[in-house]
Protein chains: 2
Amino acid sequence: MNKRTRSATGYAAWRLIAEELRGDIAGGALAVGDRLPTEQELSERFGVNRHTVRQAVAALAADGLVESRRGSGTYVLGGGIHLHRLGVRTRMSLSLGDRAEASAVRVLDSAIEAPPADIADALRLRGDRAVRVEGMRTVGGRALVRGTHWFDAERFPDIAAVLRRSRSVTAALRSVGVDDYLRVSTTVSARHATADEAADLALEPGAVVLVARGLDALPDGTPLQLVVARFPAQRVALEIEHGGGLGLA
Amino acid sequence: MNKRTRSATGYAAWRLIAEELRGDIAGGALAVGDRLPTEQELSERFGVNRHTVRQAVAALAADGLVESRRGSGTYVLGGGIHLHRLGVRTRMSLSLGDRAEASAVRVLDSAIEAPPADIADALRLRGDRAVRVEGMRTVGGRALVRGTHWFDAERFPDIAAVLRRSRSVTAALRSVGVDDYLRVSTTVSARHATADEAADLALEPGAVVLVARGLDALPDGTPLQLVVARFPAQRVALEIEHGGGLGLA
DNA sequence: ATATGTTATCTAGATCACTAGACAACTTAT
DNA sequence: ATAAGTTGTCTAGTGATCTAGATAACATAT
């Protein structure tokens with residue numbers, strides 16, 4: 001492996017190899033149950049020392065993607081990717097299915113403050129303040145998503161307190177008279193997690209997060225909330241629902 | 001900064017700092033035109049040497065996110081994030097707008113082969129072979145997306161040749177009698193780019209890719225194509241269209 | 001039972017990354 | 001005009017990472 005590459009990229013050789021193998025698994029080149037190429041083969045493929053390959057595989061093992069067995073080989077373990085549904089009616093319960101019982105939502109922090117201009121515009125604030133609620137949802141004790149929710153402070157001054165008492169955003173909104181709402185738009189991006197996000201989502205620094213920034217509105221079009229959700233990309237994928245009753249299987 | 005963290009994570013200290021700052025910019029904590037905290041302030045914030053901070057900022061400058069000026073400071077440059085629209089009728093031309101003229105699509109490779117089982121299932125293949133077309137789209141000379149397209153080999157045996165002659169997938173399909181098609185489902189995920197993807201998309205190893213795996217069908221529900229598109233996450237975000245005529249501004 | 005293949009662990013050396021300091025060159029504030 | 005603030009560049013030392021080899025322990029094939 002080109003040594004200069006490492007210093008130029010800021011990634012240890014074994015990290016690049018680990019992410020390459022993760023890509024092989026995610027992309028289907030390696031399926032659940034498959035045996036990875038041997039350490040010797042990987043050493044030759046990547047042009048590095050066998051010990052460097054061992055570190056890469058160890059990182060994947062630590063993430064639960066593979067399992068090494070002495071004398072036998074290294075095997076791909078079952079997926080474990082949670083599919084989070086994202087559609088016109090985005091409800092966490094739709095994605096969780098029978099795992100909803102094991103799910104917990106919790107408010108980490110909240111404040112009433114002037115939001116960034118783009119968020120103020122999107123929410124069509126009556127005043128100049130919004131309620132910002134920092135939340136976290138876990139499933140089976142594992143962090144699923146870290147969300148920042150914004151509401152119009154004039155319309156929902158106590159939404160933070162209500163959310164603290166509720167099992168979900170939807171339940172909280174129902175208790176302040178919002179029986180239905182729709183997802184108007186969502187922008188999805190990806191980047192490395194910040195240190196705080198890594199800590200909240202139980203990720204190592206440098207892990208990747210999927211960011212979904214969505215605007216929800218009442219059926220009459222009035223903006224309701226803007227939410228920025230960060231998902232750990234190694235555990236969650238987004239399943240986009242393209243609405244409009246296509247009648248497809 | 002904790003030295004042990006670096007060895008445990010496989011990321012150089014400056015890389016973690018660079019990605020943290022990239023997250024600050026992407027998340028709105030730093031807006032276009034803002035001046036970054038000084039090197040001394042960042043050195044204190046992250047607990048590292050000023051030279052380490054300089055390397056992090058240099059990486060962001062290399063990506064066109066910031067610009068340093070001696071004696072003045074380091075400033076956030078204009079966005080440059082391309083929003084790719086993703087909806088029921090996903091057409092590249094919708095996302096490109098007036099940049100369509102500067103866009104080019106090209107076929108890198110193609111083959112007729114047995115696809116992975118999940119792809120065969122999704123396409124409801126008549127036989128056991130599919131046409132795999134590896135494509136690349138650039139805009140203004142810059143890689144926008146790297147796509148792998150799968151078609152039923154019995155229905156579209158020559159689709160690769162047709163795509164080579166066309167400006168877009170849509171144009172190619174029209175010339176084989178497909179006037180309209182709809183996006184049935186899309187799964188979005190993110191991970192580090194593989195070495196090949198990094199090379200194709202002009203990214204450094206370790207950069208993040210957004211992966212959109214979508215199934216398109218004819219209006220009558222017959223599967224048409226399955227495409228796996230990889231976007232450079234530092235340059236592209238996905239704008240999800242939630243269909244169904246909500247009549248919202 | 002034995003040979004071969006594969007992962008696991010130990011020790012050790014060479015090269016790289018981060019730290020550190022000093023000083024230059026530019027911009028901004030007074 | 002001058003002081004202070006900020007980025008840019010040079011040299012150099014120390015600790016971490018990757019390489020390397022050897023050998024043990026387990027699994028598989030013959």
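First the proteins, then the strands, lettered A, B, ... as listed; each starts at 1. From a predicted model like this one, the values you see are computed outputs, not experimental measurements.
Under the 3.5 Å distance criterion, with hydrogens and angles disregarded, a donor-acceptor pair is assigned to the side chains of A/Glu134 and A/Thr148. Using a 3.5 Å distance cut-off with no hydrogens or angles, the side chains of A/Arg137 and A/Ser103 do pair a donor with an acceptor. Donor-acceptor pairing under 3.5 Å is lacking for the side chains of B/Arg230 and B/Thr194.
Nearest-nucleotide positions on DNA chain D place B/Pro37 closer to the 5' end than the other of B/Pro37 and A/Val53. Judged by closest nucleotide on DNA chain D, A/Thr52 is the one of A/Thr52 and A/Ser72 placed further toward the 5' end. Where B/Asn49 and A/Arg70 each meet DNA chain C at their nearest nucleotide, the meeting point lying more 5' is that of A/Arg70.
As rounded to whole Å, 20 Å separates atom P of D/dA4 from atom CD of B/Glu39. Atoms CD (B/Gln55) and C1' (D/dG8) sit 14 Å apart, rounded to a whole Å. Note: OH (A/Tyr75) to P (D/dC26) measures 16 Å, nearest angstrom. One atom, CD of A/Gln40, and another, P of C/dT7, lie 10 Å apart when rounded to the nearest Å. Residue B/Phe46 contributes atom CZ, which lies 14 Å from atom P of C/dC18 at whole-angstrom precision. A straight line from CG of B/Leu36 to P of D/dT7 spans 9 Å, rounded to a whole angstrom. Here C/dA25 presents its C1' atom at 17 Å from CZ of B/Arg69, a figure rounded to the nearest Å. C/dC18 atom C1' lies 17 Å from atom CG of B/Leu42, rounded to whole Å.
Residue B/Trp14 has no polar side-chain atom (N or O) positioned under 4.0 Å from OP1 or OP2 of C/dA17.
Under the 30°/60° scheme for interplanar angles, the aromatic rings of A/Phe231 and A/His84 are found to be tilted.
In terms of polar N and O atoms assigned as donor or acceptor, the side chain of A/His51 comes within less than 3.5 Å of the base of D/dG21 in a complementary pairing. Counting atom types as modelled, A/Arg50 pairs no side-chain N or O with a base atom of D/dG21 as donor and acceptor under 3.5 Å.
Residue contacts for B/Arg54: at a heavy-atom cut-off of 4.0 Å it reaches a base atom on one of the strands shown. Among the protein residues, A/Arg35 comes within range of the sugar-phosphate backbone only, with heavy atoms under 4.0 Å from sugar or phosphate atoms but none that close to a base.
Taking the side chain of A/Ser68 as heavy atoms from C-beta on, and the options C/dT7, D/dC18, D/dT6, the nearest nucleotide is C/dT7.
For CZ of B/Arg142, the number of neighbouring non-hydrogen atoms (other residues, nucleotides, ligands) closer than 6.0 Å is 12 at most.
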